[in-house]
Undergrad: 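Provided herewith is a single structure, encoded as structure tokens, for subsequent inquiry.
For the numbers below, each heavy atom of this structure counts, side chains included, while hydrogens, waters and symmetry mates do not.
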Amino acid sequence: MTATGQTSGTFAYVDSKAGMVPVHVKSHPDGLPIGGHWVPCEHSDPIVFPYDSSVIAHAPRGTVEHAAQALDAAQEARQSMAALSAGTRRSILMAVHGKLAAVRSELENLLVLETGKPLVDCQVEVARTLTTWAAAAEEVAHSHGETVPLDLQPAGEGMIGYWTRKPAGIVIGIAGFNYPLLLTSHKVAPALAAGCPIIVKPAPDTPLTTLWAVHLIRKALTEHEASPAAVQLVTGGIDVGQTLVADPRAAVVSFTGSAAVGHQIAKNAAPRKAVLELGSNTGFIVAKDARIDEAVDAVIRGGFYANGQACISVQRVIVEDQVAEEFQRRLLERMDEVAVGDPRSPDTRVAPLINTASTERIMTWIQEAVDCGAQILHGGELQGASLGPTVISQLPTEANLWCEEIFGPVICLNRVADLDTAIELVNDSRYGLQAAIYTASLKTAFRAIEELDVGGVVVNEIPGFRSDIMPYGGVKDSGIGREGPRFAMEEFTVTRMAIIRP
């Protein structure tokens, strides 16, 4: 195999029996970043470009022993990390922002290769990552406590009381495969801002960008005379995750992924804190007074980005009867705009899912729904290795496509008699992350905000809207706790009360 046109830190094209294929070129040492060094690994796993199944790299495979080593190093770094001044922590965070920004285009290219997401979505991920690091740096200055009027009770007269927030200790950050750089940053940046060491475990399918980012983060720590052991990374299987999560030295576990895995992590971590950002089957209501063209545009934008592999992408579209026919007609007229193809092309909006197992699962669910009376209005078939953008109507609410998280480019369309039924249908779910409603009525908008049982309600915009500074998280099986630098810092710190009698 002969490499040509190598670019450090991104990828090269190489000659193989399959033709010219991309291969990742590392910009960090071999092994895993544990303690103060990169520790060698005996085994590695192939990382595959979902578009054509070519192997783009081999990633180090960590072990339980690596996890234990990382926990020991994090425990040693805990005190020095907590002692860093606010100014030093802010400088470190801004230095990381600068290092990531300097390799922005290379990160985008690498994300395309390991996730298979279209380039436009990977560009958005890197932009949001930079926002997250800058926001975390700003929040360092806002982490403070309050005085408490102890003299409200007679026993407290003459006493002084105040509380502060202190680092909780070691954070375990476990990220999903769909936004590996951004999800990792939403754990690492607030942990550093709060003064906590963190051990990251990336998804097995997408460790490459995270390894590179952790290398840059540790360089920033070292340049500021802080311990590189404040940020470590361990890859591996379930046994590695269980070792990290169940260790009593881990103060907080922050996990992004499926509900089933999140529930097990919470059990393994108990009684210590678990911050869980889990899945959803996002509801999208189109009220009878909605501006139909705008609602259709939102479904096109919000249903298929990142190949539909986003926990707040549009899934369940619920339309009031009065506008259902018009909405469906206009939606179908625009479906051909959702281009399927090579994720490296700026024109592509849908590409192959992360692996064939995901595609096969969704195809099975589609057939199950059809067997129960659902109607495929558009798509429902493979275009090469890609599941084409799909719209299905008349779904039974017990169908997997309706009640579970699809995590693919499929929109489910049902009509209802009135707004009451629409709200009931959105709430009739074990999930509750974010939901959206399109309406021209303030009364309807505020009713949805009050009555939809979710972590966030979006009015006249896609439910996938997320500002990286806002509190983000769900209810029910969609998780517990909130992300966003300010809110994650609160999750990663504990309140310490001071009571003084002068």
Undergrad: Check whether any side-chain heavy atom of Lys117 lies under 4.5 Å from a side-chain heavy atom of Pro343, and answer yes or no.
TA: no

Undergrad: Kindly determine whether Glu106 and Trp212 satisfy side chain to side chain contact (heavy atoms under 4.5 Å, CB included), including the steps that lead there.
TA: CA-CA 11 Å; Glu106 290 94 334; Trp212 191 9; 3.5 Å; yes

Undergrad: Compare all side-chain heavy atoms of Cys311 with those of Leu278 and state whether any distance is below 4.5 angstrom.
TA: no

Undergrad: Using 30° and 60° as the class limits, which term best fits the ring planes of Phe407 and Phe177: parallel, tilted or perpendicular?
TA: perpendicular

Undergrad: From Ile170 CD1 over to Asp247 CG, what is the distance, rounded to the nearest 0.5 angstrom?
TA: 7.0 Å

Undergrad: Could you tell me whether Glu404 and Arg430 have a side-chain N and a carboxylate O separated by less than 4.0 Å?
TA: yes

Undergrad: With a 4.5 Å cut-off on side-chain heavy atoms, are Ile354 and Thr206 touching?
TA: yes

Undergrad: Using every non-hydrogen atom in the two residues, find where Pro228 and Gly36 come nearest and quote the distance to one decimal.
TA: CG-CA, 3.8 Å

Undergrad: Would the distance check show the side chain of Lys99 and the main-chain N or O of Ile217 forming a donor-acceptor pair, the cut-off being under 3.5 Å?
TA: no

Undergrad: Return the OH to OG1 distance between Tyr179 and Thr256, rounded to the nearest 0.5 Å.
TA: 13.0 Å

Undergrad: How far apart are the closest heavy atoms of Val252 and Ala168, and which atoms are they?
TA: CG2-CB, 4.0 Å

Undergrad: Look only at the side chain of Arg272 and the backbone of Val245, and say whether a donor-acceptor pair between them is shorter than 3.5 Å.
TA: yes

Undergrad: Determine whether a donor-acceptor pair (N or O, by modelled atom type, separation under 3.5 Å) exists between the side chain of Ser345 and the backbone of Asp342.
TA: no

Undergrad: Heavy-atom count check: over 12 atoms from other residues, nucleotides or ligands less than 6.0 Å from His37 NE2?
TA: no

Undergrad: How about Arg165 and Thr495: do any of their side-chain heavy atoms sit closer than 4.5 Å?
TA: yes

Undergrad: Tell me if a side-chain donor or acceptor on Glu125 pairs with a main-chain N or O of Leu182 at a distance below 3.5 Å.
TA: yes

Undergrad: Is a side-chain N or O of Ser478 found less than 3.5 angstrom from the main chain of Gly279, in a donor-acceptor match?
TA: yes

Undergrad: Within this structure, what is the OG1-NZ distance for the pair Thr132 and Lys187, rounded to the nearest 0.5 Å?
TA: 11.5 Å

Undergrad: More than 12 heavy atoms of other residues, nucleotides or ligands under 6.0 Å from CD1 of Ile480: yes or no?
TA: no

Undergrad: Pick from Leu107, Asn109, Leu111: which one makes a side chain to side chain contact (heavy atoms under 4.5 Å, CB included) with Cys122?
TA: Leu111

Undergrad: With a 4.5 Å limit on heavy-atom distance, are the side chains of Val171 and Glu491 in contact?
TA: no

Undergrad: Start with the C-alpha gap between Val240 and His66, add the side-chain angles, then the distance that decides, and say whether side chain to side chain contact (heavy atoms under 4.5 Å, CB included) holds.
TA: CA-CA 8 Å; Val240 171; His66 287 125; over 6 Å; no

Undergrad: Distance-only, no hydrogens or angles: does the Thr184 side chain make a donor-acceptor pair with backbone N or O of Leu181 under 3.5 Å?
TA: no

Undergrad: Would the distance check show the side chain of Arg361 and the main-chain N or O of Ile406 forming a donor-acceptor pair, the cut-off being under 3.5 Å?
TA: yes

Undergrad: Strictly below 4.0 Å, N to O, side chains only: are Glu138 and Arg486 in salt-bridge contact?
TA: no

Undergrad: Between Ser386 and Val340, which heavy-atom pair has the shortest distance, and what is it?
TA: CB-CG1, 3.6 Å

Undergrad: Identify the two heavy atoms, one from Val234 and one from Ala70, that lie closest to each other, and give their separation to 0.1 Å.
TA: CG2-CB, 3.8 Å

Undergrad: Please examine the side chains of Arg466 and Arg128, heavy atoms only from C-beta on, and report whether any two atoms are closer than 4.5 Å.
TA: yes

Undergrad: Do Asn281 and Ser429 have side-chain atoms, one donor and one acceptor, less than 3.5 Å apart?
TA: yes

Undergrad: Measuring only between side-chain heavy atoms, which start at C-beta, is Ser254 closer than 4.5 Å to Glu483?
TA: yes

Undergrad: Does Ala246 offer a backbone N or O that forms a donor-acceptor pair with the side chain of Asn268 under 3.5 Å?
TA: no

Undergrad: Crowded around Ile469 CD1? As in, over 12 foreign heavy atoms under 6.0 Å?
TA: no

Undergrad: Taking Ile47's backbone N and O only, do any of them form a donor-acceptor pair with Glu114's side chain (distance below 3.5 Å, no angle check)?
TA: no

Undergrad: If you look at every heavy atom in Met94 and Ala137, which pair is closest and at what distance?
TA: SD-CB, 3.5 Å

Undergrad: Any side-chain heavy atom of Pro33 within less than 4.5 Å of one from Leu211?
TA: yes

Undergrad: Using salt bridge (charged side-chain N to carboxylate O under 4.0 Å, His left out) as the criterion, list what pairs up with Glu381, not counting sequence neighbours.
TA: none

Undergrad: Can you list the steps and then say if Leu433 with Glu277 is a side chain to side chain contact (heavy atoms under 4.5 Å, CB included)?
TA: CA-CA 9 Å; Leu433 190 47; Glu277 197 274 280; 3.5 Å; yes

Undergrad: Gly432 and Ser280: which non-hydrogen atoms are nearest, and at how many Å?
TA: N-OG, 4.4 Å

Undergrad: Would you find a donor on one side and an acceptor on the other, under 3.5 Å apart, between the side chain of Thr282 and the backbone of Gln315?
TA: no

Undergrad: Can you tell me how far apart CG (Leu276) and CD1 (Ile174) are? Round to the nearest 0.5 Å.
TA: 10.0 Å

Undergrad: Taking NZ, NE, NH1 and NH2 as the nitrogens, is one of them in Glu223 or Lys219 under 4.0 Å from a carboxylate oxygen of the other?
TA: no

Undergrad: Yes or no on side chain to side chain contact (heavy atoms under 4.5 Å, CB included) for Lys201 and Ile172, after CA distance, side-chain angles and deciding distance?
TA: CA-CA 8 Å; Lys201 184 181 183 299; Ile172 306 298; 5.8 Å; no

Undergrad: CG of Asn307 to CG of Asn178: how many Å apart, nearest 0.5 Å?
TA: 10.5 Å

Undergrad: Please name all residues satisfying salt bridge (charged side-chain N to carboxylate O under 4.0 Å, His left out) with Arg78, sequence neighbours left out, ordered by chain then number.
TA: none

Undergrad: What I want to find out is whether Glu461 reaches Arg301 closely enough, with some N-O distance under 4.0 Å, to be called a salt bridge.
TA: yes

Undergrad: Quick one: CG on Asn355 to CD on Glu360, what's the gap to the nearest 0.5 Å?
TA: 9.0 Å

